[in-house]
Every structure is written in C-alpha cells, then in structure tokens.
*Asks:* 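The structure under discussion is supplied below as structure tokens; questions concerning it will follow.
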Amino acid sequence: MKIPGLMILIYSLSLVAVQAQNHQEINTDFIQLYKENAALSYISPRGELGAPGKFVINGRLTTTYMLLATEKLPIAFAVVPDFTVKVKEERSAAVRTPSFKLGGTLFVRLDRSVPDYKYASLTFTHHSNGQDGTALNPDGSINTNNGNFTTNYLTLAYHFGTDFNKHKNSGYYSLNHKAGLEWHKWFNYEKAMKDDYGFTRIIYNCSLRSYHPEKEDWRLNAEINYALNPMKEYELNAIKKRLNAELSFHYSFPFMNNAFLMMAAGYYGEDPYNIYYRDKYSYFRFGISSGILRGKK
C-alpha cells in the first residue's frame, strides 16, 4: 500500500511543478505582448501635411521600460516615456513647445491564452511642454510661442485580441483591440484649458497585423477617441472639435529589422500636441516607424 501512495504523491508534485512552469511561461509571453502592443515611434519628413503650420520634420520617440516583469506574477509595471517634437519650417528651424509625456502603466493579465488574450491596464501620464509663459495672449488667442501647457491624466483600458490562420506555414495574422477611458479632471492642469479641452475621452484602437514565421511584416492601425466632457462653445455632437481619428499602415520589407515604412491619414478636432490643442485639421503623414515587434521565438 505504501508504493501506490508514494506514486500518487510523486505524480501530484509533478503536476504542481508543471502547472507552475505553465504559469511562468504564460506570464513571460504576456510581458512580451504588453511591449508589442505599445505605441510606435516614428520619424516623418515634412511632418503632418495639412496642418496649419509647415514643418521640416516631426518625430515621436516612445518605449516601454518594464520595471516589474517577472514570470512569477500575473501583473507587470512599466515606465513609459513618450516625446514628440515638430521642427517648424523657419529660419532657425525651431522646435516650438515640444510635447513631453511621462507616465507609468500597471498591467493585469486576465486569462491564460496569448493567442486569444485579455488584459487590463491603468496608466498615469504627465503631459507638458516645458514652457512657463501665459497660455493665452491678451486677445484671448493661444500663446503657441512659449505658452504653458500641462495636464495629468489616468487611462483605464481593456485589451483583447486573437491570432488566426496559424495553421498555415506561410504566416498568420492577429487582430488586436484596446477600449478605454481617459480622465484628466482629478489632477492639476493649465486653467486656460478649462472650457475648451477634452478632459474626458473614450478610446478605441484596433490593429490588424501580419506575421511571417520569423517576423512581423505589416500593421494596419485604426485609432479613434472622442471627448465627452462639457465645453463652453461645443455641444456633445460637435464632431469637428471632439473627434480625433487616424488610420495608418506600416510595412516592413524582408531586409528590415524592427522598422516599417509608414503612411497615415487622420483628423484632429483637438491637436494632441500640447498647447496647439485648438487646432482642427485633416492630415497625411509619411515616414518610418518602429516599436518592439514580434520576431523569432
């Protein structure tokens, strides 16, 4: 009787060890997924075509520093810097009020399957432009030369997606979603923005991606957000002011590594580039983009 009991004990311990190993592998895969789903950096000669001003070049640099990312936990934490600059087409080629974002994101895994994943994130972001002049000129217009811009906000989001056509040797696809809410009013902000800035926004992003066995070769991204908070001169249905939307395509040639050629078209009802938030315009953007992409396992 002792031998069967010992065998059962050994089997039970082995099962626990296998389950622990599986959990560790799942947590590790999700950490990679958090980084893959982060926003892309880009460089765009001539900037956003259609913007009120003309630019020599625009650039966005963002990455993800995973400070807490262990296979032993179903949660992770990252510091996320996100810096955007627009170099104006003028004699000094000045960067007018660069846009600085710095924040932290908490990720919580909600299931066990990476090919059919679900997770939540909570992000705190500080957004400012490094200026200390008055935000408004005496005539009430925006001081885009050295006007102060600052706001702080939380973004609560639900992420989900699925891989499909994985049985094909030639490659496969993934469809990825992010739905969330952005909220500013709990924190400090430039008071000049009080009546005409989108402090509460609903967010939806969608990304279709194509993978060959060894690399990600293209992405089609769609992003949309809409301001819901009261504004002095804009009703809730004032789409031209409240809507921001962008469709972008990113293609990586076989000889590229961790980089895409990029083209994008969109509309800003509220330019997210800090103190320029009153600008409304349609635009095109071309250039190169990069991020933390899926590659060889």
*Asks:* Does a donor on one side chain sit under 3.5 Å from an acceptor on the other, for S207 and N221?
*Replies:* yes

*Asks:* Quickly, which of Y204, Y34, Y119, F107 forms a ring pair (Phe, Tyr, Trp, His ring centres under 6.0 Å) with H159? Name it, please.
*Replies:* Y119

*Asks:* Using a distance-only test with no angle check, is there a side-chain donor-acceptor pair under 3.5 angstrom linking Y42 and N58?
*Replies:* no

*Asks:* Any chance you could lay out the side chain to side chain contact (heavy atoms under 4.5 Å, CB included) test for F249 and L220, step after step, and finish with the verdict?
*Replies:* CA-CA 5 Å; F249 184 70; L220 178 65; 4.1 Å; yes

*Asks:* Linking I/L/V/M/F/W/Y whenever their side-chain heavy atoms sit closer than 4.5 Å, directly or via other members, would V108 and L122 fall into one cluster?
*Replies:* no

*Asks:* For K241 and D196, indicate whether the former's side chain and the latter's backbone hold a donor-acceptor pair under 3.5 Å.
*Replies:* yes

*Asks:* Between R60 and S41, what is the shortest heavy-atom contact and its length?
*Replies:* O-CB, 3.2 Å

*Asks:* Would you say L175 has more than 12 foreign heavy atoms packed within less than 6.0 Å of its CG?
*Replies:* yes

*Asks:* So does Y158 have more than 12 non-hydrogen atoms from other groups sitting under 6.0 Å from OH?
*Replies:* yes

*Asks:* Under 4.0 Å between a Lys/Arg side-chain N and an Asp/Glu carboxylate O for R242 and E270?
*Replies:* no

*Asks:* May I ask you to decide if D139's main-chain N or O and N137's side chain share a donor-acceptor pair within less than 3.5 Å?
*Replies:* no

*Asks:* Using the rule given for side chain to side chain contact (heavy atoms under 4.5 Å, CB included), can you reason through I275 versus N143, listing the C-alpha separation, both sets of side-chain angles and the distance that settles it, and then say yes or no?
*Replies:* CA-CA 8 Å; I275 198 65; N143 175 12; 5.8 Å; no

*Asks:* Would you find a donor on one side and an acceptor on the other, under 3.5 Å apart, between the side chain of N258 and the backbone of G291?
*Replies:* yes

*Asks:* State, without any angle test, whether Y197 and E190 hold a side-chain donor-acceptor pair at a distance under 3.5 Å.
*Replies:* no

*Asks:* Can you hop from L228 to I224 via hydrophobic side chains spaced under 4.5 Å?
*Replies:* yes

*Asks:* Please answer whether the main-chain N or O of W183 pairs with a side-chain N or O of T200 as donor and acceptor at a distance below 3.5 Å.
*Replies:* no

*Asks:* Would you please classify the geometry between the Y172 ring and the Y211 ring as parallel, tilted or perpendicular, with 30° and 60° separating the classes?
*Replies:* parallel

*Asks:* Only one of F199, F149, Y189 forms a ring pair (Phe, Tyr, Trp, His ring centres under 6.0 Å) with H127, so which one is it?
*Replies:* F149

*Asks:* Does the side chain to side chain contact (heavy atoms under 4.5 Å, CB included) test come out yes or no for K240 and Y234, once each step is laid out?
*Replies:* CA-CA 9 Å; K240 288 185 177 180; Y234 302 96; over 6 Å; no

*Asks:* Just one of F124, Y277, Y153 clears the ring pair (Phe, Tyr, Trp, His ring centres under 6.0 Å) bar with H184, so which one?
*Replies:* Y153

*Asks:* Please report the shortest heavy-atom distance between L208 and Y173, naming the atom on each side.
*Replies:* CD1-CB, 4.5 Å

*Asks:* Checking side chain to side chain contact (heavy atoms under 4.5 Å, CB included) for the pair N225/E182: CA distance, chi angles, key distance, verdict?
*Replies:* CA-CA 9 Å; N225 61 74; E182 182 179 298; over 6 Å; no

*Asks:* Would M256 end up clustered with I288 when hydrophobic side chains under 4.5 Å apart are linked, directly or stepwise?
*Replies:* yes

*Asks:* Tell me if the aromatic rings of F253 and Y251 count as close, with their centers under 6.0 Å from one another.
*Replies:* yes

*Asks:* Between S128 and T150, is a side-chain hydrogen bond (donor to acceptor under 3.5 Å, both in side chains) present by the stated rule, with each step listed?
*Replies:* CA-CA 4 Å; S128 62; T150 182; 5.2 Å; no

*Asks:* Does D279 use its side chain to pair, donor to acceptor, with the backbone of P52 at less than 3.5 Å?
*Replies:* no

*Asks:* Looking at N27 and E71, would you say the former's side chain and the latter's main chain have a donor-acceptor pair under 3.5 Å?
*Replies:* yes

*Asks:* Can a salt bridge be assigned to the pair E246 and R285 using a cut-off of 4.0 Å between side-chain N and carboxylate O?
*Replies:* yes

*Asks:* Restricting to non-hydrogen atoms, name the atom on N129 and the atom on G147 that form the minimum distance, rounded to 0.1 Å.
*Replies:* ND2-O, 2.8 Å

*Asks:* Considering only NZ, NE, NH1 and NH2 on the basic side and carboxylate oxygens on the acidic side, decide whether E89 and R46 come within less than 4.0 Å.
*Replies:* yes

*Asks:* Considering the options D163, D111, N37, which one meets the side-chain hydrogen bond (donor to acceptor under 3.5 Å, both in side chains) requirement together with Y117?
*Replies:* N37

*Asks:* If hydrophobic clusters are built by linking Ile, Leu, Val, Met, Phe, Trp and Tyr wherever their side-chain heavy atoms come under 4.5 Å apart, do L61 and I292 end up in the same one?
*Replies:* no

*Asks:* Kindly say whether the aromatic ring centers of Y276 and Y268 come within a distance under 6.0 Å.
*Replies:* no

*Asks:* Using a cut-off of 6.0 Å, state whether more than 12 heavy atoms not belonging to F286 lie near its atom CZ.
*Replies:* yes

*Asks:* Can you see whether F260 has R219 sitting over its ring - NZ or CZ less than 6.0 Å from the centre and within 45° of the normal?
*Replies:* no

